[in-house]
Amino acid sequence: MSSVRSAYTDSLCFYSGHTPLELAETYGTPLYVYNEGVLRERCRDLMKLSGHPGYGVNYSVKANANPAILKIIRDEGLVVDAMSPGELHLDTIAGFPPEKILYISNNNSAEELRNAVKRALLVSVDSLSQLAAFGRLNAGGRVMVRFNPGIGAGHHAKVVTAGKETKFGVTPDRLDEVFALLDKYQLTLAGINQHIGSLFMTPDGYLDAAAVLLDLAERLPAGALNKLEIMDFGGGFGIPYRKYDGEGRLNLVELGARLHALITGWSAKTGYAGRFLVEPGRYIAAECGILLGRVYAVKNNGDKRYVGTDLGFNTLVRPAMYDSFHDVEIYRADSGKTGQETMPQTIVGNICESGDILAKNRLLPIMREGDVLGLLDAGAYGFVMASNYNQRCLPAEVLIRSDGTAQPIRRRETLDDLTRCLL
Ligand code: LLP
């Protein structure tokens, strides 16, 4: 195949024996395409972070919950979280047994908590009122508590989940109240967890926050540390979205060495023999996924060049929601005959809002009708955040297996799906 801009996927053989044009033709667009090899590599990157016997990776399913993806993640030896009955359902379909699922959610109804307890899951609560609610329905049980370590991180204010401005977690100054409730309901504190936010590219904040959680564990009342089974430091591991600008990767060798030293030293000092978990979503799933769409119109409005596609923010909301940057590839069958002339272009979707922008003012080869576009790094927080806005059907998903087969893993929605719940 010839194409206009595909050096990144070419270098990885991302589409294996297929071409994006053929996939777009066969399955239609918008289409999420995943590569099994890339997914497995990312799982292995994180499983290698530490050789400590208690170390493990808890994949945060909110990033991508397709069971075909989850089965590969299970096969790589990771465990998973669930933050809703829906995620729990999909984890179960993917074959995770209850002891490999942590229920890490917030603001649950009693019914939802009861469902998690009935399914024998370890539940993390993130407020005193949820701890009391949990105690009322499962007195004598095991529970985890999510703390706010006071250090936040993230690519946007909307995804910073610790520090001063957040709804999440219990602040460590409420430890006495936590233990009063644990006592009241005879609960065992089986784990403590945190999540500082989504997307850091340097290890310092994450490691500082991990040290805060370890300090907190040492300050627990006598005997409590012996009963702890899990210390979960949360996710947030970033990926380089600016592939064509040569953005560097998060230094996992450094992060791993420092994390390993931290947990090894701490368990030697305290005698803690439980698990240490990291809880990444994006790092595992983002780079194995590309969103394909097609250009249907090009125009100039004033001095701006707009490229109109079927990739509205109903298919990938991150640029509209967080001003996120996704690199763009351009695929065209007859690119040999066309030049690489560039101009600033704004790629938009087919949704009736001015904010329906996928890529703003990008200096890219001139795109034209019929081109297929690939939005890179769309595997995390892509399909899971897609919507039916403007009554558009949800996209299909295809997985390129390691043997090169293209396996459809979700059919495109139909108009009947849109009306399924109407009474
Ligand atoms: N653990 C908890 C409790 C979380 O809330 C999250 C993400 C994670 C782990 C995984 O974080 P990650 O490793 O993926 O950064 N929709 C946003 C990201 C929201 C993240 C929400 N919580 C985005 O598209 O950037």
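Both ligands and their constituent atoms are indexed starting at 1 by order of listing.
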- Heavy-atom contact under 4.0 Å between His156 and ligand 1? no

- Among protein heavy atoms, which sits nearest to atom 21 (C) of ligand 1, and what does the distance come to when rounded to 0.1 Å? Lys62 CD, 3.9 Å

- Query: Any chance the side chains of Glu36 and Tyr34 put a donor and an acceptor closer than 3.5 Å?
  - Reply: no

- Query: What is the distance from atom CG of Asn115 to atom CG of Leu137, rounded to the nearest 0.5 Å?
  - Reply: 11.0 Å

- Message: Students should be able to answer this: which protein heavy-atom is nearest to atom 4 (C) of ligand 1, and at what distance?
- Response: His195 CD2, 3.3 Å

- atom 17 (C) of ligand 1 [closest protein heavy-atom partner, distance rounded to 0.1 Å]: Tyr322 OH, 3.1 Å

- Message: Ignoring hydrogens and geometry beyond distance, is a side-chain donor-acceptor pair present between Gln130 and Asn107 at under 3.5 Å?
- Response: no

- Glu279 to Tyr206 - nearest heavy-atom pair and separation: N-OH, 4.5 Å

- Query: Is there any N or O on Gly197 that sits under 3.5 Å from an N or O of ligand 1?
  - Reply: no

- Look only at interatomic distance and state if Arg318 has a nitrogen or oxygen under 3.5 Å from any nitrogen or oxygen of ligand 1. yes

- Message: Given the ring of Tyr27, does Arg412 sit roughly above its face, with NZ or CZ under 6.0 Å from the centre of the six-membered ring and within 45° of the axis?
- Response: no

- Query: Can you tell which part of Met83 has a heavy atom less than 4.0 Å from ligand 1: side chain, backbone, both or neither?
  - Reply: neither

- Part of Lys158 within contact of ligand 1 (heavy atoms, under 4.0 Å): neither

- Shortest heavy-atom approach to atom 9 (C) of ligand 1 - which of Met321, Glu279, Met385: Glu279

- Item | Interfacing atoms of ligand 1 (cut-off 4.0 Å, heavy-atom, Gly235) | 13 (O)

- Query: Do you see a donor-acceptor pair shorter than 3.5 Å between the side chains of Ser109 and Arg114?
  - Reply: no

- Note on the structure: atom 14 (O) of ligand 1 has as its nearest protein heavy atom Tyr381 OH, 2.6 Å

- Item | Atoms in ligand 1 with a heavy atom of His155 nearer than 4.0 Å | 23 (C), 25 (O)

- Task: Identify the protein heavy atom lying closest to atom 19 (C) of ligand 1, giving its residue, its atom name and the separation to 0.1 Å.
- Result: Val159 CG1, 3.8 Å

- Which of the ligand 1 atoms, numbered from 1, are nearer than 4.0 Å to a heavy atom of Arg282: 12 (P), 13 (O), 14 (O), 18 (C), 23 (C), 25 (O)

- Query: Would you say Arg146 and ligand 1 have an N/O pair spaced under 3.5 Å apart?
  - Reply: no

- Query: Hey, what's the ring geometry for Phe237 with Phe200, parallel, tilted or perpendicular (30° and 60° as the breaks)?
  - Reply: tilted

- Item | Row check, Tyr244 ring normal vs Arg5 NZ/CZ: under 6.0 Å, within 45° | yes

- Message: Check for me whether Pro280 has a heavy atom closer than 4.0 Å to any atom of ligand 1.
- Response: yes

- Message: Suppose I only count heavy atoms of Gly281 and a 4.0 Å limit; which atoms of ligand 1 are within that range?
- Response: 10 (C), 12 (P), 13 (O), 14 (O)

- Closest heavy-atom pair and its distance - Ala190, Leu122: CB-CD1, 4.0 Å

- Query: Looking only at distance, does Gly236 have an N or O less than 3.5 Å from an N or O of ligand 1?
  - Reply: yes

- From CA spacing to verdict: ring pair (Phe, Tyr, Trp, His ring centres under 6.0 Å), His52, Phe276: CA-CA 9 Å; His52 188 282; Phe276 295 101; 5.2 Å; yes

- Item | Candidates Arg318, Arg42, Lys243 - the one meeting salt bridge (charged side-chain N to carboxylate O under 4.0 Å, His left out) with Asp377 | Lys243

- So, is Ser198 polar-close to ligand 1, with some N/O to N/O distance under 3.5 Å? yes

- Message: Pairing donors with acceptors under 3.5 angstrom, does anything connect the side chains of Asn66 and Tyr32?
- Response: no

- Query: Does Thr161 have a heavy atom less than 4.0 Å from any atom of ligand 1?
  - Reply: no

